[in-house]
Amino acid sequence: MIYIITFCLSVLLILLSENLKRTKYNTENESSNYKYGNYICKLLNIIALLIPIMLATLRNETVGIDVYTYMKPLYLCAIESKGLTDFFSIIKNNSQLVYMDVGYALVAFIACKIFNSLQGLFFVNEILCILPLYFGIKNLNLYLKKISVNYTVPVWLGMLIYYCCFYNNSLNQVRQIIACGILFFAFTLFLNKHYISTFFLFAFSCSLHISSIIFIFILLLYFVSKSKYNLLRIVLAVALIVFLFFSIEIFYLLMKILNYFNLIPDKYYGEIFDVEYGDRDINLSWLFLGIIALFVTGVYYYRNRNNFFARFLFFISLTFNSLFNISSYFISFGRLQLYFLVYFPVILPCAEAALEGIIVEKRLVSNLIIISSVMLFWIVSVYLLDYTGTIPYKFMF
């Protein structure tokens, strides 16, 4: 499979870059070797990230359902338009794009005007998906080092988890995957006290997809995790468990309140109020990954009860699982789970710290467990079920 080959090549180059930093060619004692080794590492990382970006760029327009839903229509509008004002005027008269979010429309306009091709839009899309996650992991490791937390995320492993969980989505659910990546990056900036940048990225994400508002809840999880009040954390955990069982009733109550104040966007009104209960559709592959995440973070938190970051990861996993009941009825709530799933490249690598001395003794074994899990997830969820509409892959030529 071309996807697996791409994932492996990208990850191997990142791993090679990480290992090169530890060699004698990258020591501060030999300045020339240090600079040379540093350039090689950067080049390897650039190539590693370009491989999946170019695979997305060179794909046929039949790969990804939303290409025809809004990407190609936006491209045609951009090419037809004489300027930005004209572009938005054309969009308003296009039935396919009448509800298009302003942020992504602007991204599409700029990309199409620069590259003058649909593949140019694919290229920009994938850059906005992959780079925020990559640099977000880097930022997170810097933060964990500052607060002396005995935990770091191997970048190669984090990226492999991301590829298996998100790459095929990024060829289809583009707006939301961009929003997920940018909000993850914004959170890592927030941790490093870059509050203005965090705010602007949050605002941009909301302009891409309104569901980005969930970022406020993620910050709440962080503050509760960091709080000195144990009762507050117990209340939050109980609330999430209650939501797991009564999410449908809670959801309808909140929607009725919002509807009373006319705060429900028109494009979501019918989906919320005109939907009848049918057969439940639980994404078992996501549930499989969610249970693993909850187990790993639960053990990690239990073994590091004074580590607030371990608590935060546990609450992220608990929230992801608590959304399954309502997402089995409303597909859109499965989209909300993506904002928590994007933390799995950080969550799953903590298996090493969680399982050491209990189930496994060596890092290699714990990494193999996680790699096997996410590969199995990709095979079932993407390859066999093809819920992203990206199988089989076809090149543009």
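Start at 1 with the first residue, then count along the sequence. On a predicted model such as this, the values are computed, not experimentally measured, just so you know.
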Hey, would you say the [X] and [Y] ring centroids sit under 6.0 Å apart?
| X | Y | value |
| --- | --- | --- |
| Phe377 | Tyr383 | no |
| Tyr302 | Phe314 | no |
| Phe324 | Phe320 | yes |
| Phe190 | Tyr195 | yes |
| Tyr70 | Tyr68 | no |

Quick one: sort the Tyr162 and Phe166 rings into parallel, tilted or perpendicular, breaks at 30° and 60°. parallel
Where does the angle between the aromatic ring planes of Tyr300 and Tyr151 fall among parallel (under 30°), tilted (30 to 60°) and perpendicular (over 60°)? tilted
Without hydrogens or angle criteria, can the side chains of [X] and [Y] be said to hold a donor-acceptor pair below 3.5 Å?
| X | Y | result |
| --- | --- | --- |
| Asn45 | Ser17 | yes |
| Ser170 | Glu126 | yes |
| Thr390 | Asn168 | yes |
| Gln337 | Ser327 | yes |
| Tyr143 | Thr188 | no |

Taking the six-membered ring of Tyr393 (Phe, Tyr or Trp), confirm whether the NZ or CZ of Arg59 is under 6.0 Å from its centre and within 45° of its axis. no
For the residue pair Arg303 and Tyr301, would you count it as a cation-pi contact if the rule is NZ or CZ under 6.0 angstrom from the ring centre and within 45 degrees of the ring axis? no
Can you tell me how far CG of Leu20 sits from CG of Leu15, rounded to the nearest 0.5 angstrom? 11.0 Å
Holding to salt bridge (Lys or Arg N to Asp or Glu O under 4.0 Å), I want the full list of residues that pass it with Glu61, two or more places apart in sequence or in another chain. Lys72
Validation row: [X], [Y] side chains within 4.5 angstrom (heavy atoms):
| X | Y | value |
| --- | --- | --- |
| Asn367 | Trp156 | yes |
| Ile213 | Phe202 | yes |
| Leu313 | Phe308 | no |
| Phe215 | Thr198 | yes |

Mark yes or no for whether Ser212, through its side chain, and Leu208, through its backbone, hold a donor-acceptor pair below 3.5 Å. no
Return each pair, listed once, that meets salt bridge (charged side-chain N to carboxylate O under 4.0 Å, His left out) where at least one residue sits in residues 366-379; pairs must be two or more places apart or across chains. none
Please determine whether ring-ring contact (aromatic ring centres under 6.0 Å, His included) holds for the pair Phe135 and Phe185, giving the CA-CA distance in whole Å, both sets of side-chain angles, and the decisive distance to 0.1 Å. CA-CA 7 Å; Phe135 288 110; Phe185 180 60; 7.1 Å; no
Which heavy atom in Met100 sits nearest to a heavy atom in Ala105, and how many Å separate them? CG-CB, 4.0 Å
Path from Phe395 to Val67 over hydrophobic side-chain contacts below 4.5 Å: yes
